[in-house]
Amino acid sequence: MAISTLQKLSSQIHRLPSLSLHHSKSLISRSSATSTASAKVSDRIVKLSAIDIDGRKREIVGLSGHTLLKALTNSGLIEPASHRLEEIDACSTECEVYIAEEWLERLPPRSYDEEYLLKKYSRGRVLNKHSRLGCQVMLTRDLEGMVVAVPEPKPWDIP
């Protein structure tokens, strides 16, 4: 019974030229939009090198427009649960990373809040010039090949 109902509906759709034409055009436009979106994602890929706490260098992949933190958590170098905060006001710098010297000038300068927090939670209140918060570094295609190091967790970061 279900098959005969489907056959009737199918024949009715084909008899209505405007409906069948519109339906096929929307399928074509949807499929072409999907392939265009896929091409755009591949254009946004940014490959980076990350040095883990054991000193091993790993290639990680992020997307331009996303944060360095997202790339590091997706690759397993930073625990996702360690950075649940969306607001910098409640930050404890758990996503701190060290940027290689040759890449520092390619990044925008730290915001006042980022610099304040890095000083506040650094050992001896001395700011390391390589320190950045992964949640504040937006990836761009210009950062392809950037080298970052994930430091050991601070004593208060360890559960």
Side-chain angles (χ1 to χ4, degrees), residues 6 21-159:
L6 286 174
L21 181 62
H22 174 72
H23 181 67
S24 63
K25 280 185 181 176
S26 69
L27 284 178
I28 291 170
S29 64
R30 264 192 255 154
S31 65
S32 64
T34 303
S35 64
T36 305
S38 298
K40 289 182 181 177
V41 169
S42 66
D43 290 343
R44 293 177 52 209
I45 291 176
V46 181
K47 293 182 181 176
L48 311 160
S49 294
I51 301 169
D52 64 18
I53 59 173
D54 296 322
R56 291 186 304 249
K57 192 174 188 178
R58 297 171 41 180
E59 184 177 282
I60 64 169
V61 177
L63 293 176
S64 62
H66 288 186
T67 62
L68 176 58
L69 173 64
K70 186 165 188 142
L72 292 168
T73 55
N74 287 343
S75 67
L77 286 169
I78 290 182
E79 188 66 35
S82 73
H83 196 278
R84 321 172 276 291
L85 308 169
E86 296 298 324
E87 297 293 325
I88 197 165
D89 297 338
C91 179
S92 64
T93 69
E94 293 169 358
C95 65
E96 181 181 6
V97 295
Y98 299 139
I99 307 293
E101 180 79 33
E102 60 271 17
W103 293 94
L104 290 174
E105 291 182 15
R106 297 187 196 184
L107 294 174
R110 295 182 197 105
S111 69
Y112 172 82
D113 290 337
E114 181 181 6
E115 193 160 322
Y116 171 79
L117 288 167
L118 286 168
K119 280 182 186 174
K120 178 180 176 182
Y121 289 105
S122 66
R123 292 188 174 105
R125 304 249 193 257
V126 177
L127 182 62
N128 180 335
K129 75 175 186 175
H130 298 275
S131 292
R132 292 300 300 261
L133 296 177
C135 64
Q136 299 298 304
V137 176
M138 293 300 287
L139 296 178
T140 64
R141 293 293 308 224
D142 295 337
L143 299 178
E144 179 87 25
M146 181 171 69
V147 179
V148 302
V150 178
E152 290 184 32
K154 295 175 182 133
W156 55 84
D157 293 339
I158 300 170

Q: For Thr93 and Tyr121, work out which heavy atoms get closest and say how close.
A: OG1-CB, 3.4 Å
Q: May I ask you to decide if Leu133's main-chain N or O and Glu114's side chain share a donor-acceptor pair within less than 3.5 Å?
A: yes
Q: Closest heavy-atom contact between Pro151 and Val97?
A: CD-CA, 3.9 Å
Q: Please report the interatomic distance CG(Leu77) to CD1(Ile51), rounded to the nearest 0.5 Å.
A: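 One gets 10.5 Å once the value is rounded to the nearest 0.5 Å.
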Q: Val46 and Leu63: which non-hydrogen atoms are nearest, and at how many Å?
A: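 So the two residues come closest at CG2-C, 4.3 Å.
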Q: Show the nearest heavy-atom pair for residues Ile78 and Cys95, with the distance to one decimal.
A: CD1-CA, 4.2 Å
Q: Mind checking whether Leu143 and Leu68 have side chains closer than 4.5 Å, heavy atoms only?
A: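 SC-SC contact between Leu143 and Leu68 ruled out.
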Q: Return the CE to CG distance between Met138 and Leu69, rounded to the nearest 0.5 Å.
A: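 Nearest 0.5 Å value for the CE-CG distance: 11.0 Å.
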Q: Out of Val150, Thr67, Val137, Leu48, which residue meets the side-chain contact (heavy atoms from CB on, under 4.5 Å) rule with Leu72?
A: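 That would be Val150.
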Q: Might you point out which heavy atoms bring Tyr98 and Ser131 nearest each other, and give the distance in Å?
A: CE2-OG, 3.2 Å
Q: Nearest 0.5 Å, please: how far is CG in Leu104 from CZ in Arg110?
A: 8.0 Å
Q: Hey, does the side chain of Arg44 reach the backbone of Arg141 with a donor-acceptor pair shorter than 3.5 angstrom?
A: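 Not confirmed, Arg44 side chain does not pair with Arg141 backbone.
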Q: Test your reading of the model: is there a side-chain donor-acceptor pair from Arg132 to the backbone of Leu107, 3.5 Å cut-off?
A: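 Checked: no pair found.
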Q: Can you measure from OG (Ser49) to CE (Met146) and round to the nearest 0.5 angstrom?
A: 10.0 Å
Q: Considering only heavy atoms from C-beta outward, does the side chain of Arg106 approach that of Asp142 to under 4.5 Å?
A: no
Q: Within a radius of less than 6.0 Å around CD of Glu105, do more than 12 heavy atoms belonging to other residues, nucleotides or ligands occur?
A: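 No, not enclosed.
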Q: With no hydrogens and no angle check, is any side-chain donor or acceptor of Asn128 less than 3.5 Å from a backbone partner on His130?
A: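 Confirmed, Asn128 side chain pairs with His130 backbone.
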Q: How far does CG of Asp113 sit from NZ of Lys120, to the nearest 0.5 angstrom?
A: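 So the CG of Asp113 and the NZ of Lys120 are separated by 11.0 Å.
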Q: Taking atom CD of Glu96 and atom SG of Cys135, what is their separation to the nearest 0.5 Å?
A: 11.0 Å
